[in-house]
S.K.: 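I have a structure here, written as structure tokens, and I will follow up with some questions on it.
FYI, side chains are in, hydrogens and waters are out, and symmetry mates aren't considered; it's all heavy atoms of this structure. Chain naming here is simple, since letters A, B, ... match the order of the sequence lines and numbering starts at 1 in each.
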There are 2 protein chains.
Amino acid sequence: MNTPDDDWLRLDQQICFSLHAASRAFNGVYRVILKDLGLTYPQYLVMLVLWEHGELPVKKLGEHLRLDSGTLSPLLKRLEAAGLVSRERSARDERSVEVRLTEEGSALRRRALEVPRRIAASTGFGADEIRALRARLDELTTALDAAALAESPGGSPADARS
Amino acid sequence: MNTPDDDWLRLDQQICFSLHAASRAFNGVYRVILKDLGLTYPQYLVMLVLWEHGELPVKKLGEHLRLDSGTLSPLLKRLEAAGLVSRERSARDERSVEVRLTEEGSALRRRALEVPRRIAASTGFGADEIRALRARLDELTTALDAAALAESPGGSPADARS
DNA sequence: CGCCATTCAATTGCACACAACTTAATTGTG
DNA sequence: CACAATTAAGTTGTGTGCAATTGAATGGCG
């Protein structure tokens with residue numbers, strides 16, 4: 001009786017909504033800061049992975065970012081049009097497409113180095129606070145992903161490979 | 001020298017990315033659970049506000065949800081097509097449009113009551129943990145919003161009305 | 001060797017999210 | 001009262017995000 005149904009609906013709104021709002025607020029700050037680089041926020045995430053790993057197939061990129069080809073294909077096409085990456089079918093496996101940084105894409109990294117500092121400043125959070133929050137969010141994501149599989153309409157254990 | 005540039009770019013990826021991933025993970029769980037109700041996640045957020053406030057103009061709805069008419073207009077049109085809400089120009093101010101729950105929309109609330117519990121279970125977090133995380137995220141959002149204004153290209157004090 | 005299940009990208013269709021613009025109504029001011 | 005500035009919705013265009021489908025290539029198995 002502490003939490004009648006009405007309160008449940010209210011509390012619920014606040015949890016999911018806070019996350020939704022925070023995500024969009026982050027997006028907004030990145031949008032402003034990344035405009036100089038000519039990148040959107042998701043494009044920046046792709047570039048971060050490429051700057052770290054150099055070159056990798058679309059599949060691997062998707063695993064790092066939890067995105068599928070439906071999202072990545074058009075995004076990569078835009079990065080290619082911007083001259084930042086090249087896409088080439090792998091010689092060994094013609095199904096796979098290797099995404100590589102162009103010289104221009106690699107060079108952009110230097111200009112991107114100041115982004116993290118500006119973002120960190122925008123949050124007003126210290127490094128430790130950020131680390132703690134990140135850990136919390138990762139726990140949450142792991143739990144939610146597991147739950148999505150279980151709840152899934154065909155929530156069959158068949159999906160839960162390994 | 002504790003944090004060379006490389007580490008900054010890595011850490012940065014993790015903060016923004018964790019939030020991005022958590023938000024999408026939440027979205028995924030809601031997608032599954034809300035499918036029964038025929039609602040998308042943002043549509044559910046709109047319905048939550050309407051269930052709480054009954055009826056209100058698009059503008060107010062946008063303030064509660066931090067969404068503008070560009071997002072809300074088509075979304076509300078879909079909710080109207082689904083028979084859950086009605087839209088009617090206000091008599092007192094013809095610019096404004098009042099969004100009201102239909103009987104069907106009000107009735108849907110009963111079926112939505114179980115959603116919060118299922119979501120809470122999916123997170124695996126306790127009520128206190130959720131509250132703490134929500135508070136943290138709200139701080140973050142406030143800070144980011146303020147920063148976005150300041151960073152804004154025309155980050156002129158002219159924008160900061162009042 | 002030949003066939004079928006699997007895998008990878010790309011495409012299609014739908015639904016946000018947001019900037020920029022348009023249109024209509026209202027308010028403030030002279 | 002008339003007119004400029006403001007305000008509210010809606011529209012347009014771009015860019016994700018994801019389910020479902022398609023098409024090409026690969027790998028396993030008889």
Side-chain angles (χ1 to χ4, degrees), chain A residues 20-32 34-35 38-46 56-63 65-82 87-99 145 148 152-154 158-159 161, chain B residues 20-32 34-35 38-46 56-63 65-82 87-99 145 148 152-154 161:
Chain A
H20 200 59
S23 178
R24 284 186 294 129
F26 242 121
N27 208 308
V29 173
Y30 272 104
R31 191 196 321 284
V32 173
L34 291 174
K35 189 150 60 175
L39 293 175
T40 66
Y41 178 47
Q43 286 166 10
Y44 171 70
L45 294 179
V46 168
L56 65 184
V58 173
K59 185 74 192 313
K60 290 289 181 192
L61 208 49
E63 284 169 10
L65 297 169
R66 299 162 153 277
L67 293 172
D68 67 4
S69 67
T71 299
L72 286 175
S73 287
L75 191 158
L76 290 171
K77 210 182 287 185
R78 280 186 280 272
L79 286 180
E80 188 179 35
R87 291 185 301 157
E88 209 176 331
R89 295 217 93 95
S90 164
R92 291 191 305 92
D93 185 342
E94 292 270 336
R95 291 172 304 182
S96 172
V97 168
E98 290 287 329
V99 181
D145 279 349
S152 174
D159 285 331
R161 54 166 162 282
Chain B
H20 199 57
S23 178
R24 284 186 292 129
F26 242 121
N27 208 308
V29 173
Y30 272 103
R31 190 196 323 282
V32 173
L34 291 175
K35 190 152 57 176
L39 292 175
T40 67
Y41 178 46
Q43 286 166 9
Y44 171 71
L45 294 178
V46 168
L56 65 184
V58 174
K59 184 75 193 310
K60 291 289 181 191
L61 208 49
E63 285 169 8
L65 297 168
R66 298 161 155 277
L67 292 172
D68 66 5
S69 68
T71 299
L72 286 175
S73 288
L75 191 157
L76 291 171
K77 211 182 287 185
R78 281 185 281 270
L79 285 180
E80 189 179 34
R87 291 183 303 158
E88 208 176 333
R89 296 217 90 97
S90 164
R92 292 189 305 92
D93 186 342
E94 292 270 336
R95 289 172 304 181
S96 173
V97 167
E98 290 287 329
V99 181
D145 279 350
S152 173
R161 56 166 163 280

S.K.: Decide yes or no for Lys77(B) and Ser73(B): does some side-chain heavy atom of the first lie under 4.5 Å from some side-chain heavy atom of the second?
M.R.: no
S.K.: Taking only the side-chain nitrogens and oxygens of His20(B), find out if one of them lies under 4.0 Å from OP1 or OP2 of dT16(D).
M.R.: no
S.K.: Heavy atoms of chain B, cut-off under 4.0 Å: which first and last nucleotide of DNA chain C, 5' to 3', fall inside that, if you could look?
M.R.: dA15(C) to dT26(C)
S.K.: If you assign each of Pro74(A) and Arg95(A) to its closest nucleotide in DNA chain C, which residue comes earlier from the 5' end?
M.R.: Arg95(A)
S.K.: Answer whether the closest heavy-atom distance between the side chains of Val46(B) and Leu67(B) falls below 4.5 Å.
M.R.: no
S.K.: Measure from CZ on Arg31(A) to P on dG15(D) and round the result to the nearest Å.
M.R.: 12 Å
S.K.: I'd like to check Val99(A) versus Leu72(A) (side-chain heavy atoms, cut-off strictly below 4.5 Å). Are they in contact?
M.R.: no
S.K.: Starting from P on dA9(D), measure out to CG on Asp93(B) and report it in whole angstrom.
M.R.: 8 Å
S.K.: Would you indicate what Ser96(A) reaches in the nucleic acid, counting non-hydrogen atoms under 4.0 angstrom: base, sugar-phosphate, or nothing?
M.R.: sugar-phosphate
S.K.: Closest approach of Tyr44(B) and Leu39(B), non-hydrogen atoms and distance?
M.R.: CA-CD1, 4.2 Å
S.K.: Would you say dG10(D) has OP1 or OP2 under 4.0 Å from some side-chain N or O of Ser73(B)?
M.R.: yes
S.K.: Round to the nearest Å and state the distance from Lys59(B) atom NZ to dG10(D) atom P.
M.R.: 14 Å
S.K.: What class does the angle between the rings of Tyr41(A) and His20(B) fall in, given that below 30° is parallel, 30 to 60° is tilted and above 60° is perpendicular?
M.R.: perpendicular
S.K.: Within the 4.0 Å heavy-atom criterion, would you say Asn27(A) contacts the bases, only the backbone, or no part of the nucleic acid?
M.R.: nothing
S.K.: Provide the closest heavy-atom pair for Val32(A) versus Ala148(B) in the form atom of the first, atom of the second, distance.
M.R.: CG2-O, 4.5 Å
S.K.: Take atom OH of Tyr30(A) and atom C1' of dT16(D), then tell me their distance rounded to the nearest Å.
M.R.: 17 Å
S.K.: Specify the separation, in whole Å, of atom CZ of Arg89(A) and atom P of dA24(D).
M.R.: 11 Å
S.K.: Between dT16(D) atom P and Leu65(A) atom CG, what is the distance in whole Å?
M.R.: 12 Å
S.K.: Distance check needed: dA9(D) P versus Glu80(B) CD, whole Å only.
M.R.: 14 Å
S.K.: In residues 38-46 of chain A, what residues come within less than 4.0 Å of DNA chain D, judged by heavy atoms?
M.R.: Thr40(A), Pro42(A), Gln43(A)
S.K.: Using a 4.0 Å heavy-atom cut-off, does Pro57(A) contact any base of the nucleic acid, only the sugar-phosphate backbone, or nothing at all?
M.R.: sugar-phosphate
S.K.: Rounded to the nearest Å, what distance is computed from the CG atom of residue Leu75(B) to the P atom of nucleotide dG17(D)?
M.R.: 18 Å
S.K.: Give the minimum heavy-atom separation between Val97(A) and Arg87(A), together with the two atoms involved.
M.R.: CG1-CB, 3.8 Å
S.K.: Closer than 4.0 Å, any side-chain N/O of Arg87(B) to the OP1 or OP2 of dG10(D)?
M.R.: yes
S.K.: Given that Gly70(B) and Glu63(B) both sit by DNA chain D, which one's nearest nucleotide is further toward the 5' end?
M.R.: Glu63(B)
S.K.: Listed by chain and number, what are the salt bridge (charged side-chain N to carboxylate O under 4.0 Å, His left out) partners of Asp93(A), not counting sequence neighbours?
M.R.: Arg95(A)
S.K.: Is the side chain of Asn27(B) donor-acceptor paired with the backbone N or O of Tyr30(B) at a distance under 3.5 Å, no angle test?
M.R.: no
S.K.: For Lys60(A), answer base if it contacts any base atom (sugar-phosphate contacts may also be present), sugar-phosphate if it contacts only those atoms, and nothing otherwise; contact means non-hydrogen atoms under 4.0 Å.
M.R.: nothing
S.K.: So, the side chain of Arg24(A) versus the backbone of Arg66(B): is there a donor-acceptor pair under 3.5 Å, distance only?
M.R.: yes
S.K.: Of Ser69(B) and Glu94(A), whose nearest nucleotide on DNA chain D comes first from the 5' end?
M.R.: Ser69(B)
S.K.: Need one value for Leu72(A): base, sugar-phosphate or nothing, where a base atom within 4.0 Å counts as base even if backbone is also close, heavy atoms only.
M.R.: nothing
